[in-house]
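In what follows, a single structure is set out as C-alpha coordinates and then discussed.
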Protein chains: 2
Amino acid sequence: MNIGEAASRSGVSAKMIRHYESIGLISATRRANGYRSYGPKDVAVLRFIRHARDLAFPLEDIRKLLALWQDRSRASGDVKRLALDHVAALEAKATSLQAVADSLRHLANHCQGDDRPDCPIIDELEGKIA
Amino acid sequence: MNIGEAASRSGVSAKMIRHYESIGLISATRRANGYRSYGPKDVAVLRFIRHARDLAFPLEDIRKLLALWQDRSRASGDVKRLALDHVAALEAKATSLQAVADSLRHLANHCQGDDRPDCPIIDELEGKIA
DNA sequence: GTTGACCCTCCCATGGTGGGAGGCCCCATC
DNA sequence: GATGGGGCCTCCCACCATGGGAGGGTCAAC
(Lines give C-alpha, C1' and ligand atoms only; values in the text may rest on other atoms or scores of the structure.)
Protein backbone atom coordinates (compact mmCIF):
# COMPACT_ATOMS: atom_id res chain seq x y z
CA MET A 1 0.00 0.00 0.00
CA ASN A 2 1.02 3.62 -0.44
CA ILE A 3 1.84 6.03 2.35
CA GLY A 4 -1.66 7.49 2.45
CA GLU A 5 -3.29 4.19 3.22
CA ALA A 6 -0.59 3.28 5.74
CA ALA A 7 -1.28 6.61 7.39
CA SER A 8 -5.01 6.11 7.67
CA ARG A 9 -4.63 2.51 8.86
CA SER A 10 -2.07 3.39 11.49
CA GLY A 11 -3.27 6.77 12.62
CA VAL A 12 0.14 8.27 11.92
CA SER A 13 0.12 11.12 9.41
CA ALA A 14 1.97 10.67 6.12
CA LYS A 15 4.03 13.66 7.11
CA MET A 16 5.16 11.93 10.28
CA ILE A 17 5.79 8.62 8.54
CA ARG A 18 8.24 10.38 6.22
CA HIS A 19 9.79 12.13 9.20
CA TYR A 20 10.24 8.89 11.15
CA GLU A 21 11.93 7.44 8.11
CA SER A 22 14.20 10.46 7.78
CA ILE A 23 15.46 10.01 11.34
CA GLY A 24 15.95 6.28 10.85
CA LEU A 25 13.16 5.14 13.15
CA ILE A 26 11.49 3.15 10.38
CA SER A 27 12.32 2.18 6.83
CA ALA A 28 10.34 1.70 3.64
CA THR A 29 10.80 -0.06 0.35
CA ARG A 30 10.26 1.97 -2.77
CA ARG A 31 8.35 1.16 -5.91
CA ALA A 32 9.79 1.74 -9.37
CA ASN A 33 8.08 5.13 -9.48
CA GLY A 34 9.70 6.24 -6.24
CA TYR A 35 6.59 5.81 -4.09
CA ARG A 36 7.04 4.29 -0.64
CA SER A 37 5.45 0.87 -0.28
CA TYR A 38 4.11 -0.53 3.00
CA GLY A 39 2.83 -3.88 4.18
CA PRO A 40 0.86 -5.02 7.24
CA LYS A 41 4.02 -5.34 9.32
CA ASP A 42 4.88 -1.73 8.61
CA VAL A 43 1.41 -0.68 9.71
CA ALA A 44 1.90 -2.66 12.92
CA VAL A 45 5.16 -0.83 13.55
CA LEU A 46 3.46 2.51 12.93
CA ARG A 47 0.67 1.62 15.33
CA PHE A 48 3.25 0.65 17.92
CA ILE A 49 4.88 4.03 17.49
CA ARG A 50 1.55 5.81 17.75
CA HIS A 51 0.66 4.02 20.96
CA ALA A 52 4.03 4.89 22.40
CA ARG A 53 3.54 8.53 21.41
CA ASP A 54 0.12 8.40 23.06
CA LEU A 55 2.02 7.50 26.20
CA ALA A 56 4.28 10.49 25.51
CA PHE A 57 7.43 8.46 25.00
CA PRO A 58 10.05 10.55 23.22
CA LEU A 59 11.17 9.22 19.87
CA GLU A 60 14.54 8.14 21.21
CA ASP A 61 12.79 5.96 23.77
CA ILE A 62 10.58 4.60 21.03
CA ARG A 63 13.67 3.64 19.10
CA LYS A 64 14.73 1.50 22.06
CA LEU A 65 11.22 0.15 22.57
CA LEU A 66 11.05 -0.94 18.96
CA ALA A 67 14.34 -2.78 19.36
CA LEU A 68 13.09 -4.45 22.53
CA TRP A 69 9.82 -5.35 20.88
CA GLN A 70 11.62 -7.09 18.07
CA ASP A 71 14.06 -8.80 20.40
CA ARG A 72 12.50 -12.11 21.31
CA SER A 73 15.04 -12.62 24.06
CA ARG A 74 14.44 -9.23 25.63
CA ALA A 75 14.30 -8.89 29.38
CA SER A 76 11.03 -7.31 30.47
CA GLY A 77 13.12 -5.57 33.12
CA ASP A 78 14.66 -3.41 30.39
CA VAL A 79 11.23 -2.36 29.18
CA LYS A 80 10.02 -1.70 32.68
CA ARG A 81 13.05 0.41 33.52
CA LEU A 82 12.55 2.53 30.41
CA ALA A 83 8.88 2.93 31.23
CA LEU A 84 9.44 3.84 34.86
CA ASP A 85 12.12 6.36 33.98
CA HIS A 86 9.65 7.91 31.60
CA VAL A 87 6.92 7.89 34.21
CA ALA A 88 9.26 9.68 36.58
CA ALA A 89 10.01 12.33 33.97
CA LEU A 90 6.32 12.82 33.25
CA GLU A 91 5.46 13.10 36.89
CA ALA A 92 8.27 15.54 37.52
CA LYS A 93 7.00 17.75 34.74
CA ALA A 94 3.38 17.44 35.87
CA THR A 95 4.31 18.28 39.43
CA SER A 96 6.36 21.24 38.37
CA LEU A 97 3.58 22.62 36.18
CA GLN A 98 1.07 22.14 38.94
CA ALA A 99 3.32 23.94 41.41
CA VAL A 100 3.60 26.91 39.10
CA ALA A 101 -0.14 26.88 38.51
CA ASP A 102 -0.77 26.76 42.25
CA SER A 103 1.42 29.71 43.03
CA LEU A 104 -0.08 31.77 40.23
CA ARG A 105 -3.59 30.83 41.30
CA HIS A 106 -2.69 31.89 44.80
CA LEU A 107 -1.62 35.29 43.51
CA ALA A 108 -4.75 35.60 41.40
CA ASN A 109 -6.91 34.81 44.40
CA HIS A 110 -5.61 37.95 46.04
CA CYS A 111 -6.35 40.08 43.01
CA GLN A 112 -9.62 41.97 43.09
CA GLY A 113 -10.04 41.60 39.36
CA ASP A 114 -12.05 44.79 39.02
CA ASP A 115 -11.53 48.09 37.23
CA ARG A 116 -8.88 49.34 39.61
CA PRO A 117 -5.23 48.96 38.69
CA ASP A 118 -3.96 47.49 41.97
CA CYS A 119 -2.92 43.93 41.35
CA PRO A 120 -0.73 41.59 43.37
CA ILE A 121 0.08 39.62 40.23
CA ILE A 122 1.69 42.66 38.65
CA ASP A 123 3.36 43.47 41.96
CA GLU A 124 4.90 40.03 42.08
CA LEU A 125 6.14 40.22 38.52
CA GLU A 126 7.54 43.65 39.18
CA GLY A 127 9.42 42.27 42.13
CA LYS A 128 7.74 44.44 44.75
CA ILE A 129 7.00 41.33 46.76
CA ALA A 130 9.28 38.56 45.62
CA MET B 1 25.50 49.38 31.21
CA ASN B 2 26.28 46.80 28.55
CA ILE B 3 24.24 43.71 27.86
CA GLY B 4 26.42 41.49 30.02
CA GLU B 5 25.79 43.50 33.15
CA ALA B 6 22.09 43.83 32.35
CA ALA B 7 22.03 40.06 31.99
CA SER B 8 23.67 39.36 35.30
CA ARG B 9 21.56 41.94 37.11
CA SER B 10 18.31 40.68 35.66
CA GLY B 11 18.95 36.98 35.50
CA VAL B 12 18.09 36.97 31.79
CA SER B 13 20.88 35.70 29.53
CA ALA B 14 22.39 38.10 27.01
CA LYS B 15 21.29 35.67 24.35
CA MET B 16 17.70 35.99 25.45
CA ILE B 17 17.86 39.75 25.82
CA ARG B 18 18.89 40.00 22.18
CA HIS B 19 16.15 37.59 21.26
CA TYR B 20 13.48 39.53 23.14
CA GLU B 21 14.60 42.61 21.30
CA SER B 22 14.44 40.82 17.95
CA ILE B 23 10.81 39.90 18.52
CA GLY B 24 9.95 43.40 19.68
CA LEU B 25 9.31 42.55 23.31
CA ILE B 26 11.87 45.07 24.51
CA SER B 27 14.03 47.73 22.94
CA ALA B 28 17.52 49.07 23.53
CA THR B 29 19.46 52.18 22.71
CA ARG B 30 22.80 51.80 21.04
CA ARG B 31 26.14 53.37 21.74
CA ALA B 32 28.31 54.84 19.03
CA ASN B 33 30.19 51.57 18.79
CA GLY B 34 27.02 49.59 18.20
CA TYR B 35 26.83 48.15 21.72
CA ARG B 36 23.42 47.96 23.35
CA SER B 37 23.06 50.26 26.35
CA TYR B 38 20.78 49.59 29.31
CA GLY B 39 19.63 51.53 32.33
CA PRO B 40 17.93 50.56 35.60
CA LYS B 41 14.50 50.70 34.01
CA ASP B 42 15.55 48.20 31.39
CA VAL B 43 16.81 45.89 34.08
CA ALA B 44 13.45 46.21 35.84
CA VAL B 45 11.69 45.25 32.63
CA LEU B 46 13.98 42.25 32.19
CA ARG B 47 13.33 41.16 35.75
CA PHE B 48 9.62 41.46 35.14
CA ILE B 49 10.00 39.23 32.11
CA ARG B 50 12.04 36.72 34.02
CA HIS B 51 9.49 36.53 36.81
CA ALA B 52 6.74 36.03 34.27
CA ARG B 53 8.77 33.28 32.60
CA ASP B 54 9.27 31.68 36.01
CA LEU B 55 5.49 31.52 36.13
CA ALA B 56 5.63 29.91 32.68
CA PHE B 57 3.81 32.70 30.91
CA PRO B 58 4.38 32.45 27.16
CA LEU B 59 6.10 35.43 25.60
CA GLU B 60 2.92 36.62 23.91
CA ASP B 61 1.23 36.81 27.30
CA ILE B 62 4.24 38.63 28.65
CA ARG B 63 3.86 41.17 25.88
CA LYS B 64 0.36 41.89 27.17
CA LEU B 65 1.47 41.85 30.79
CA LEU B 66 4.17 44.41 30.04
CA ALA B 67 1.58 46.65 28.43
CA LEU B 68 -0.73 46.27 31.43
CA TRP B 69 2.12 46.92 33.81
CA GLN B 70 2.94 50.17 32.09
CA ASP B 71 -0.70 51.19 31.83
CA ARG B 72 -1.46 53.14 34.97
CA SER B 73 -5.17 53.00 34.25
CA ARG B 74 -5.22 49.24 33.74
CA ALA B 75 -8.03 47.17 35.16
CA SER B 76 -6.72 44.46 37.46
CA GLY B 77 -9.49 42.32 36.00
CA ASP B 78 -7.57 42.16 32.74
CA VAL B 79 -4.47 40.93 34.51
CA LYS B 80 -6.44 38.44 36.52
CA ARG B 81 -8.18 37.06 33.46
CA LEU B 82 -4.88 36.56 31.68
CA ALA B 83 -3.44 34.87 34.74
CA LEU B 84 -6.40 32.57 35.29
CA ASP B 85 -6.46 31.54 31.64
CA HIS B 86 -2.82 30.68 31.96
CA VAL B 87 -3.43 28.78 35.18
CA ALA B 88 -6.11 26.78 33.40
CA ALA B 89 -3.74 25.94 30.57
CA LEU B 90 -1.02 24.89 33.01
CA GLU B 91 -3.39 22.74 34.99
CA ALA B 92 -4.76 21.12 31.87
CA LYS B 93 -1.28 20.19 30.80
CA ALA B 94 -0.31 18.99 34.26
CA THR B 95 -3.43 16.87 34.53
CA SER B 96 -2.91 15.39 31.12
CA LEU B 97 0.69 14.50 31.84
CA GLN B 98 -0.26 12.98 35.14
CA ALA B 99 -2.98 10.91 33.49
CA VAL B 100 -0.51 9.52 30.99
CA ALA B 101 1.97 8.84 33.76
CA ASP B 102 -0.70 7.05 35.76
CA SER B 103 -1.71 4.76 32.96
CA LEU B 104 1.87 3.92 32.13
CA ARG B 105 2.67 3.28 35.76
CA HIS B 106 -0.32 1.01 35.93
CA LEU B 107 1.01 -0.99 33.00
CA ALA B 108 4.47 -1.12 34.52
CA ASN B 109 3.04 -2.41 37.79
CA HIS B 110 1.86 -5.47 35.93
CA CYS B 111 5.23 -6.06 34.35
CA GLN B 112 7.44 -8.57 36.12
CA GLY B 113 10.54 -6.66 35.18
CA ASP B 114 12.75 -9.73 35.19
CA ASP B 115 14.79 -11.56 32.55
CA ARG B 116 11.78 -13.00 30.76
CA PRO B 117 10.43 -11.29 27.66
CA ASP B 118 6.74 -11.23 28.62
CA CYS B 119 5.72 -7.64 29.19
CA PRO B 120 2.29 -6.01 29.31
CA ILE B 121 3.84 -2.67 28.35
CA ILE B 122 5.03 -4.08 25.04
CA ASP B 123 1.71 -5.86 24.62
CA GLU B 124 -0.12 -2.60 25.03
CA LEU B 125 2.08 -0.77 22.58
CA GLU B 126 1.72 -3.62 20.13
CA GLY B 127 -2.04 -3.32 20.40
CA LYS B 128 -2.63 -6.81 21.78
CA ILE B 129 -4.64 -5.29 24.58
CA ALA B 130 -5.69 -1.83 23.57
C1' DG C 1 50.84 46.77 21.26
C1' DT C 2 49.20 42.67 22.60
C1' DT C 3 46.09 39.97 25.26
C1' DG C 4 41.73 38.84 27.06
C1' DA C 5 37.11 39.90 28.01
C1' DC C 6 33.28 41.63 26.00
C1' DC C 7 30.25 42.79 22.20
C1' DC C 8 28.25 42.32 17.41
C1' DT C 9 25.49 39.48 13.73
C1' DC C 10 24.17 35.28 11.67
C1' DC C 11 23.41 30.36 11.47
C1' DC C 12 22.21 25.90 13.57
C1' DA C 13 20.08 22.72 17.01
C1' DT C 14 16.64 21.11 20.11
C1' DG C 15 11.36 17.98 19.78
C1' DG C 16 7.41 16.83 17.36
C1' DT C 17 4.29 18.37 14.23
C1' DG C 18 2.01 20.92 10.53
C1' DG C 19 1.75 23.80 6.21
C1' DG C 20 2.85 24.70 1.70
C1' DA C 21 5.35 25.19 -2.90
C1' DG C 22 6.72 23.08 -7.08
C1' DG C 23 6.72 19.10 -9.63
C1' DC C 24 5.92 14.04 -10.98
C1' DC C 25 2.68 9.93 -11.37
C1' DC C 26 -1.38 7.39 -12.12
C1' DC C 27 -6.09 6.49 -13.14
C1' DA C 28 -10.56 7.62 -14.85
C1' DT C 29 -13.42 9.98 -17.74
C1' DC C 30 -14.51 12.18 -21.91
C1' DG D 1 -5.28 10.76 -26.53
C1' DA D 2 -6.00 14.53 -23.77
C1' DT D 3 -7.38 16.43 -19.49
C1' DG D 4 -8.39 16.72 -14.66
C1' DG D 5 -7.90 15.50 -10.00
C1' DG D 6 -5.90 13.23 -6.33
C1' DG D 7 -1.90 11.20 -4.48
C1' DC D 8 2.94 11.11 -4.13
C1' DC D 9 7.73 13.16 -4.15
C1' DT D 10 11.37 16.51 -2.00
C1' DC D 11 12.59 20.62 0.26
C1' DC D 12 11.81 24.67 3.00
C1' DC D 13 9.47 27.20 6.75
C1' DA D 14 6.92 27.71 11.22
C1' DC D 15 5.99 26.91 15.97
C1' DC D 16 8.26 27.82 21.28
C1' DA D 17 12.10 29.22 24.05
C1' DT D 18 16.65 28.55 24.56
C1' DG D 19 21.57 27.52 23.88
C1' DG D 20 25.90 26.95 21.13
C1' DG D 21 29.19 28.52 18.16
C1' DA D 22 31.69 30.86 14.20
C1' DG D 23 33.77 34.93 12.54
C1' DG D 24 34.80 39.47 13.48
C1' DG D 25 34.91 44.27 15.89
C1' DT D 26 35.92 46.99 20.47
C1' DC D 27 37.78 48.31 24.60
C1' DA D 28 40.65 48.29 28.68
C1' DA D 29 44.62 47.01 31.19
C1' DC D 30 49.21 45.85 31.29
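Per chain, numbering begins at 1; letters A, B, ... match sequence-line order.
When the C1' atom of C/dG16 is taken as reference, atom NZ of B/K93 falls 13 Å away, rounded to whole Å. Rounded to whole angstrom, the span from the CG atom of B/D54 across to the C1' atom of D/dA17 amounts to 14 Å. Separating the CZ atom of B/F57 from the P atom of D/dA17 is a distance of 13 Å, rounded to the nearest angstrom. The distance from atom CD of A/E21 to atom P of D/dT10 is 7 Å, rounded to the nearest whole Å. In this structure, B/L25 atom CG and D/dT18 atom C1' are separated by 15 Å, rounded to whole Å. One can place OH of A/Y38 at 7 Å from P of D/dC9, the figure rounded to the nearest angstrom. What separates CD1 of B/I23 from C1' of D/dC15 is a distance of 13 Å, to the nearest Å. Atom CD in B/E60 sits roughly 11 Å away from atom C1' in D/dC16 (whole-Å rounding).
The heavy-atom pair separating A/E91 from B/A101 by the smallest distance is CG-CB, 3.6 Å. When all heavy atoms of B/E124 and A/H51 are compared, the closest pair comes out as O-ND1, 3.8 Å. Shortest non-hydrogen contact noted between B/R74 and A/P117 is NE-O, 2.8 Å.
Of the inter-residue distances, the one linking B/I121 atom CD1 with A/L55 atom CG reads 9.5 Å to the nearest 0.5 angstrom.
The phosphate of D/dC8 has neither OP1 nor OP2 within less than 4.0 Å of any side-chain N or O from A/R36. One finds no side-chain N or O of A/S13 lying less than 4.0 angstrom from the OP1 or OP2 phosphate oxygen of C/dT17. Not one side-chain nitrogen or oxygen of B/R50 sits closer than 4.0 Å to the OP1 or OP2 atom of D/dT18. For C/dT17, one of the phosphate oxygens OP1 or OP2 lies less than 4.0 angstrom from a side-chain nitrogen or oxygen of A/R53. Considering only side-chain N and O atoms, B/Y20 lies nowhere under 4.0 angstrom from the phosphate OP1 or OP2 of D/dA17.
Salt bridge present: A/R9 and A/E5 bring a charged side-chain N and a carboxylate O closer than 4.0 Å.
Closest contact between the side chain of A/I3 and the listed nucleotides C/dC8, D/dC8, D/dA17 involves D/dC8.
Among the atoms of the strands shown, base atoms are found under 4.0 Å from some heavy atom of A/R18. Counting non-hydrogen atoms under 4.0 angstrom, A/R30 reaches the backbone sugars and phosphates but no base.
Within 3.5 Å, no donor on the side chain of A/K15 pairs with an acceptor on the base of C/dG16, nor the reverse.
One side chain, B/D114 or A/S76, offers a donor N or O that lies under 3.5 Å from an acceptor on the other.
For the ring pair (Phe, Tyr, Trp, His ring centres under 6.0 Å) condition, the pairs that include at least one residue of residues 55-111 of chain B, sequence neighbours left out, are B/F48-B/W69, B/F57-B/H86, B/H106-B/H110.
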Notebook entry, point to check: What does nucleotides 23-30 of chain D look like as a protein-contact string, B for base, S for sugar-phosphate only, - for none, at under 4.0 angstrom between heavy atoms?
Noted result: --BBS---
